[in-house]
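See below for the structure under consideration.
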Amino acid sequence: MVQTKKIIKDAFWELLEEKPYNKITVRDIVNRCCVNRNTFYYYFQDIPTLMVDSIEEWIDEVIRKYGTITSPVDCLTYMAEECMKRKKAFLNLFHSAQKDAFLYDLNRMGYDIINTYVDKIGENREILKEEKESFIRCYKCVFVGSILGWLEEDASYDLSTFYEELCKIFSDSGSGLDKVSEKQD
């Protein structure tokens, strides 16, 4: 049963890569994964429910995959790489009526991954609670804001390169998470 749910989600992601969100129908999904409509409705109330569940599962995978990141550049670069893998799907979600749900989940992903990184460096360095929250908010805003800019420009540039350059600017200016990790106990 869990395998069938995954097949439905995979079909949904494939279709998002091919056409706008609002053009995807239950018929498209069940035809793609060779299940009947009742099977679809056994797992999902409707396509928006499938969309939210699919995004949340993808985000949880990204968080698990990059839960042991070692630098602020990695935080942003890894998230960028994962977003670029689903570029067309993200563009279709960004231009859909479900944009708010999509952006909510991107915010959660950014916060969770950056929080994991800050917690990790906090094991070896003293980080004030207020400072930790400020860094997390800053990098989450950088992540989500830059994803919005990237999507508004039809994902026309390499997001990973952009993040690498941005982190270098942060580092050169003497601000950012890299400075927290340099503190001595």
Side-chain angles (χ1 to χ4, degrees), residues 9 12-13 16 21 48-155 157-183:
K9 289 179 185 180
F12 174 70
W13 282 113
L16 267 176
Y21 171 84
T49 304
L50 168 62
M51 188 252 341
V52 169
D53 194 86
S54 298
I55 291 172
E56 288 178 356
E57 180 182 74
W58 173 78
I59 287 170
D60 290 342
E61 285 177 28
V62 171
I63 291 168
R64 274 192 307 277
K65 186 174 181 180
Y66 298 114
T68 59
I69 45 187
T70 58
S71 75
V73 175
D74 289 345
C75 284
L76 296 174
T77 303
Y78 291 148
M79 288 187 287
E81 289 170 1
E82 293 298 323
C83 290
M84 288 173 46
K85 287 178 188 175
R86 297 199 186 268
K87 180 166 82 171
K88 289 180 183 174
F90 282 9
L91 282 167
N92 284 327
L93 288 169
F94 182 72
H95 294 296
S96 76
Q98 299 300 318
K99 179 180 180 177
D100 288 342
F102 171 62
L103 295 178
Y104 173 84
D105 285 331
L106 280 178
N107 267 302
R108 183 176 73 86
M109 180 178 82
Y111 184 91
D112 288 350
I113 289 177
I114 295 163
N115 185 53
T116 298
Y117 168 70
V118 174
D119 283 346
K120 183 177 179 176
I121 63 170
E123 292 172 1
N124 300 320
R125 307 281 188 254
E126 183 179 331
I127 302 173
L128 298 173
K129 182 179 178 181
E130 299 81 22
E131 187 178 46
K132 174 185 172 182
E133 281 302 312
S134 294
F135 282 120
I136 292 169
R137 286 186 189 128
C138 174
Y139 275 81
K140 180 193 70 106
C141 289
V142 166
F143 169 69
V144 174
S146 57
I147 290 289
L148 284 172
W150 179 66
L151 292 170
E152 286 169 353
E153 293 184 36
D154 291 324
Y157 54 89
D158 185 304
L159 196 56
S160 296
T161 301
F162 172 78
Y163 282 139
E164 289 169 11
E165 292 168 0
L166 188 65
C167 286
K168 184 177 179 342
I169 291 168
F170 277 9
S171 178
D172 290 348
S173 72
S175 62
L177 289 172
D178 55 325
K179 299 304 172 195
V180 171
S181 62
E182 292 176 1
K183 288 184 179 180

Out of curiosity, [X] [atom1] to [Y] [atom2], how far, rounded to the nearest 0.5 Å?
X    : Y    : atom1 : atom2 : value
L93  : W13  : CG    : CH2   : 6.0 Å
R86  : N92  : CZ    : CG    : 13.0 Å
L16  : L91  : CG    : CG    : 10.5 Å
E165 : D158 : CD    : CG    : 9.0 Å

Q: Would you indicate whether the side-chain heavy atoms of N115 and K132 approach each other to under 4.5 Å?
A: yes

Q) Heavy atoms, side chains only, cut-off 4.5 Å: are L148 and L103 in contact? A)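 Of all side-chain heavy-atom pairs linking L103 with L148, at least one is under 4.5 Å.
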
Q) Checking W150 side chain against Y157 main chain: does a donor-acceptor pair fall under 3.5 Å? A) yes

List in chain and number order the residues that pass side-chain contact (heavy atoms from CB on, under 4.5 Å) with [X], two or more places apart in sequence or in another chain; answer none if no residue qualifies.
X    : answer
A80  : L159, S160, Y163
D105 : I55, E56, I59, R108
D53  : K5, K9, F44

Q) What is the minimum heavy-atom distance between L151 and H95, and which atoms define it? A) O-NE2, 4.3 Å

**Q.** Heavy-atom pair with the smallest gap, counting every atom of N107 and V144
**A.** OD1-CG2, 3.3 Å

Q: Compute both the distance and the angle, then confirm whether K99 meets the cation-pi test with F94: under 6.0 Å from the six-membered ring centre, within 45 degrees of the axis.
A: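 Relative to the ring axis of F94, which defines the angle, K99 lies inside both limits.
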
Q.
Angle between ring planes, F90 versus W58, binned at 30° and 60°: parallel, tilted or perpendicular?
A. perpendicular

Q) Once the angle between the rings of F12 and Y21 is folded into 0 to 90°, is it parallel (under 30°), tilted (30 to 60°) or perpendicular (over 60°)? A)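 Taking Y21 first and then F12, their aromatic rings stand perpendicular (interplane angle over 60°).
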
**Q.** side-chain contact (heavy atoms from CB on, under 4.5 Å) between F143 and C83, intermediate numbers included
**A.** CA-CA 11 Å; F143 169 69; C83 290; 4.2 Å; yes

